[in-house]
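Please read all numbers here as calculations on a predicted model, not as lab measurements.
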Amino acid sequence: MDFRGFGHFDATAPADDALDAMVNDPAVHRVEAHTDLLFRRRHTFHRSRVVLDFGGHTVHTGGIARNTHDNPFGAVLFFQGTVTGDPLTHPLAAAVIERTDAFPVPDSGAFRVGQWWTVRSDEVAGGGSDERELQKMVEVTEIVDGTHIRVGYLNGWPLAAGRRLTWQRVQPVVGAEVRDMVFLGAGQDTGAVDDEYTGSHPVAYEYAVDCDVSGIQATGTFWPVIMRRWCTRYRTVQCGLKNPPTVMYGGAGYLTQQIYCLYGHVADCTSSNVRHLNDLTASAYCQVVNCHGDGDDEGGNPFTTHGQYEHDLLFDGNSGLMDIANSGAQWGNSAKRITVRNHVCSWFTANTKITDLTLENVHVLPRPAFDPSGTLVVNADGAQLRGCTASLFAVAQQSARSTRPTTITDCTFDLPAGQVLVQTPVNAPVHFVRTAFTGLDGTVLRGSGPVRFTGCRLTGAPDAAPLSVGASEIAVDGGTLTDTGIALTAVRDQRLSVTGGAVLTGTNAAGALLSRAPGSTATVTWDLGDLRSTAAGAATAHVRVPDGTNHYTAVAARLTGGRLTLAPAAFTGTSSLLHTSCTEHGVHRDALPPDGPRVNTTTGNLTL
């Protein structure tokens, strides 16, 4: 049926009664619009298997009935499943492992294959008021035994014995689809508080399965254009939003918001001047593909997750500001196995409790209008970056849940002066591989965890400060350090290893390519092997060790020009010094300690 059968040939008269008559008639499976329409009511439907195709015509909502407070489900079209029966709540007698689809229940006789249930864990002890690892709507696929059922979902987070699960049976809406609409939001385009009551938006779903939305182009909507909660299996494609009334009011100004959702696919969508193009909250196994957000200079980042234990999400081929798990401790600040590929933006933060983040070909380009620094920050909890670029890059750490290493491979970073590359809380190993750093000037590696550079290119300037390193262990395996260097802070015991044919050239503001800060009693172990060091001038030291406790070994190093400063005060007591099989070409030795039982600097070297 279509609206013309009810006398609607334009948007001059409200078509709400016609809409209700068609959608609520079970004999009608497809509702079509062939003209523009006007709606002034907010409709709630509970039926399944209906398609609403607006044929690309415009839906007007001027003068729509007032919404209720904080109600993003007050859409023109709200499809809502029904909750049935009483909830079942029980404590877990044993732990529920990650990636399982078999769940314990008090009595499996209460469940039937094909039924849909919501399952929700209790809050994390000592955590935020809404911090739960499990909130999904799942289908029962098998009765395993008297106390276990199998569902269509692989659990993303482990749950300890004693945690409580609540099961609630629902009858979802199935296959209710909305297509091809131009939607004009109502309300005043002022961002005033009253907009939540007077504003309008087209579509919302709750307890819904296989409910796709396509071809909605909206302007000026207050709440999300497509609002979803407790939804499983759906597609949102070829939709867009321009110029919502506000990007500052929480929950408003979105293209699509998805809460407790599974198996969603958002593709080929666009946004301009919005708060979020896509928000995934407590959702899993969803994809966001070929979506693009512009006009994000006010900080309305198009791509986000809420931090309510999202997991296994893929973002591919998108553009626009992005942050992950960054909505606050109330929800847990947590996410796991998020993959972002082929993304372009000017700001990307993923520095909360994000486990096993994967970034591939992500490019963060400075933009004066929002973030002139081009910021990219990640959490050292199994993060792996490949082929990424940024200016202000930093490694943070707020969690330690992963079993995989944190690696940054084949990336390029142009760091601002004084940048803290590895932040203080980082105690996990961080490995840079074939990565290029430029603009180095007082770059700081402050965390205690070991840091390794393999085949990397580090470039500073003759008047720039070297890297200030507080890591317990730093290893340079191959690669080049040009007009920069490594200055150990000696705030703790440290080990420095330089080998693999590493090439050090030039100078820096400290006048030393490898050094330790004076005045500390910390023990520093120096492992210098197959390296080539060429100083820019006579005043530059290849190695400067002024004092403290040191265990120094240099074997097969090639040093050219400059100085070698190994002060006698640095090699007393339990310290040791072995400098052998090295080639020194025009190197000035600064009062090295005399050979003895714990010192050898003369045997086996070639001095030219």
Within the distance-only criterion (no hydrogens, no angle test), does the side chain of [X] pair as donor or acceptor with the backbone N or O of [Y] below 3.5 angstrom?
X	Y	answer
Glu310	Gln308	yes
Asn301	Thr304	no
Asp312	Ala284	no
Asn550	Gly548	yes
Lys336	Lys353	no
Asp296	Leu321	yes
Gln397	Asp381	no

May I ask you to check whether [X] and [Y] place their ring centers less than 6.0 Å from one another?
X	Y	value
Phe413	His363	no
Phe453	His431	no
Phe432	Phe437	yes

Self-check item: Geometric class of the His579/Tyr552 ring pair [parallel <30°, tilted 30-60°, perpendicular >60°]
Solution: parallel
Exercise. For the pair Trp331 and His306, name the ring-plane relationship: parallel under 30°, tilted 30 to 60°, perpendicular over 60°.
Key: perpendicular
Please find the pair of heavy atoms, one from [X] and one from [Y], that lie closest to each other, and give the distance.
X	Y	answer
Thr489	Gln494	N-OE1, 3.5 Å
Val364	Trp347	CG1-N, 3.6 Å
Ala396	Gln423	CB-OE1, 3.2 Å

How many angstroms lie between [atom1] in [X] and [atom2] in [Y], if you round to the nearest 0.5 Å?
X	Y	atom1	atom2	result
Ile338	Leu280	CD1	CG	8.5 Å
Asn290	Thr270	CG	OG1	10.0 Å
Leu357	Leu313	CG	CG	11.0 Å

Quiz item: Can you tell which of Arg401, Arg404, Arg337 makes a salt bridge (charged side-chain N to carboxylate O under 4.0 Å, His left out) with Asp356?
Solution: Arg404
Practice problem: Please examine the side chains of Asp527 and Val498, heavy atoms only from C-beta on, and report whether any two atoms are closer than 4.5 Å. | Solution: no
Exercise. May I ask you to test the Ile324-Met322 pair for a side-chain heavy-atom distance under 4.5 Å?
Key: yes
Exercise. Could you check Asn333 against Glu131 for side chain to side chain donor-acceptor pair (under 3.5 Å), going step by step and ending with a plain yes or no?
Key: CA-CA 9 Å; Asn333 277 334; Glu131 187 172 350; over 6 Å; no
Exercise. Please lay out, stage by stage, how Arg532 and Thr560 fare under the test side chain to side chain donor-acceptor pair (under 3.5 Å).
Key: CA-CA 8 Å; Arg532 288 185 291 124; Thr560 302; over 6 Å; no
